[in-house]
Amino acid sequence: MAFQRRRNHCYHRFRNVLPLISAISGALLILLAFLSFFAPYPIDSDRHHYSSLSDARVDDTIALPIFRVPTDGGRSGRDLWTSRSSKFYYGCSNASNKFPKAEAITISNRYLAIATSGGLNQQRTGITDAVVAARILNATLVVPKLDQKSFWKDASDFSEIFDVDWFVSFLSKDVKIIKQLPRKGGKTWTPHSMRVPRKCNERCYNNRVLPVLLKRHAIQLSKFDYRLANRLDTDLQKLRCRVNYHALKFTDPIQQMAKMLVNRMRMRSKHYIALHLRFEPDMLAFSGCYYGGGDKEKKELGAIRKRWKTLHTSNPDKERRHGKCPLTPEEVGLMLRALGYGSDVHIYVASGEVYRGEETLAPLKALFPNFYSKETIATKEELEPFSSYSSRMAALDFIVCDESDVFVTNNNGNMARILAGRRRYFGHKPTIRPNAKKLYRLFLYKGNMTWEAFASKTRTHQRGFMGEPNEVRPGRGEFHENPSACICEDSAAKSRKYGKGTATRKDEVASEDQNVDDEPEWPDMDEDEDESSPLDKGLFNGTGVDYDAVTTEEPELEDMLSD
């Protein structure tokens, strides 16, 4: 009975307290609802990516970390503006004692003319290789003709872009060069036109071109770009470097204007980054990539893609996974911040028309407000002598990018390759190429991780893509990008630094896990002769075939590696 009375007493006390508990609970629920209503709505930072965060299979009960991008670069653990190992390497392109002078090997009545192809930097590779081809054939080289009918529609000739007198005199010991063919029988001599296969080696030139040259005495090699093998005799490789890094000098007006642009960047900041953005509509259309713009984007880029009749419809996700899509401006900015560059860093952007314009550039400008181009640091009047000529405008960007403390390329095209090689040759100035294949998943799922985790993984993925010495093993990749035959090591200085028998540091050894052949190659606007449809016959060369040993005619591959 006593137990029953106690139980009834507790029951009545609980009934009295129950309304109070209900009132408190209700008040808490109202408070939570009030806070939820006025809390800021989360921003969808992945709206420009292939799939939103909501597509990821994440348990809703797990609290996700917040991705907050800092304004400063944090502690990256390295010097942001120099290569710490560059002091142990230097450019070396002098000819050996076994390389005879031009006067000793040039045979009279042999003339080689060259018609280059593409934009400024694609033509630059052709000019460089033309000198070597003339040396192989023991012929006199006629100053190369520049492509004036291609996509860029630039009517400039050689002497309006390059210092032709310096070109002829500097190379006089290597190859005899004349400005035009001599007259034949009192009339203009029209050379016999022919074409050689891509990546034609010494034996190929001697077997294919020399017999025609002996018969005709003057020949012109047309569409001359990438018509010389990557692997050649060391002295011929060094000749390539003498042409590209010493003999090819821009004209005084171009150099003076570019120097003014560089000085104006230096007046703003001690250091600056040059970014070759390459986010133009043509580039995106050719790549077959998709950036979340819905039907409008698919329609716009699809219309451009129709220019290439042989370009097959591709899988955007597959292209992205394989690293063949340029990063968006926002992704480039996030990569740079993760590598340690804060919002105070000054950036010079070399770019044509950016797809979607300011809307696309806004995230990058928010990350790096000190954002410049030649159009913003020079007046319209100052640029007027150059603005009607695409190659001269490209030459200005080339010099400003070359003079930068850090060069960032968003593609693997001609300008990127040539500048990467040039910066290696002249002191290994930092050159950042995004490891797009590895960065793909980071950008796709960055909302699932903290900024610290994102930055750490970005730095890991970018090892071997920062322009350090020996990132790529000698002989690998395109020679103009990796002129290993022209890079010498100062072993004495290195041994003084690390001591004899000391192994080189991890980031100085050629990257064993970097598969160069898997890296994306970007389309060159290599034009076909059909002017009515200048881009119709572009084919993406992703076969992985080694053309260095080709001596028989191969199907024509229009290497659309854009400038």
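All residue numbers in this chain count up from 1 along the given sequence.
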Testing the 3.5 Å rule here: is there a donor-acceptor pair between the side chains of [X] and [Y]?
X	Y	result
Tyr425	Ser93	yes
Arg422	Asn244	no
Asn470	Tyr89	yes

Quiz item: ring-ring contact (aromatic ring centres under 6.0 Å, His included) with Tyr205: which residues, sequence neighbours excluded?
Solution: none
Practice problem: Would you indicate whether the side-chain heavy atoms of Phe398 and Ile418 approach each other to under 4.5 Å? | Solution: yes
Quiz item: Looking at Phe371, Tyr272, Phe368, Tyr372, which hits ring-ring contact (aromatic ring centres under 6.0 Å, His included) with His346?
Solution: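 Of Phe371, Tyr272, Phe368, Tyr372, ring-ring contact (aromatic ring centres under 6.0 Å, His included) with His346 is met by Tyr372 alone.
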Practice problem: Anything under 30° is parallel, anything over 60° is perpendicular, the rest tilted; go ahead and classify Tyr341 against Trp81. | Solution: perpendicular
Quiz item: For the residue pair Phe426 and His246, does the interplanar ring angle fall in the parallel (under 30°), tilted (30 to 60°) or perpendicular (over 60°) class?
Solution: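 Plane angle over 60°, so perpendicular.
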Self-check item: Residues in side chain to side chain contact (heavy atoms under 4.5 Å, CB included) contact with Ala350, at least two apart in sequence or another chain
Solution: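 Applying side chain to side chain contact (heavy atoms under 4.5 Å, CB included) to Ala350 gives His276, Tyr348, Asp397, Cys401.
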Self-check item: Which residues share a side chain to side chain contact (heavy atoms under 4.5 Å, CB included) with Lys173, sequence neighbours left out
Solution: Lys101
Quiz item: Cys92-Cys486 sulfur separation below 2.5 Å?
Solution: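 No, Cys92 does not link to Cys486 through a disulfide.
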Self-check item: Euclidean distance, Tyr90 OH relative to Ile487 CD1, rounded to 0.5 Å
Solution: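 Spacing of CD1 (Ile487) from OH (Tyr90) equals 10.5 Å.
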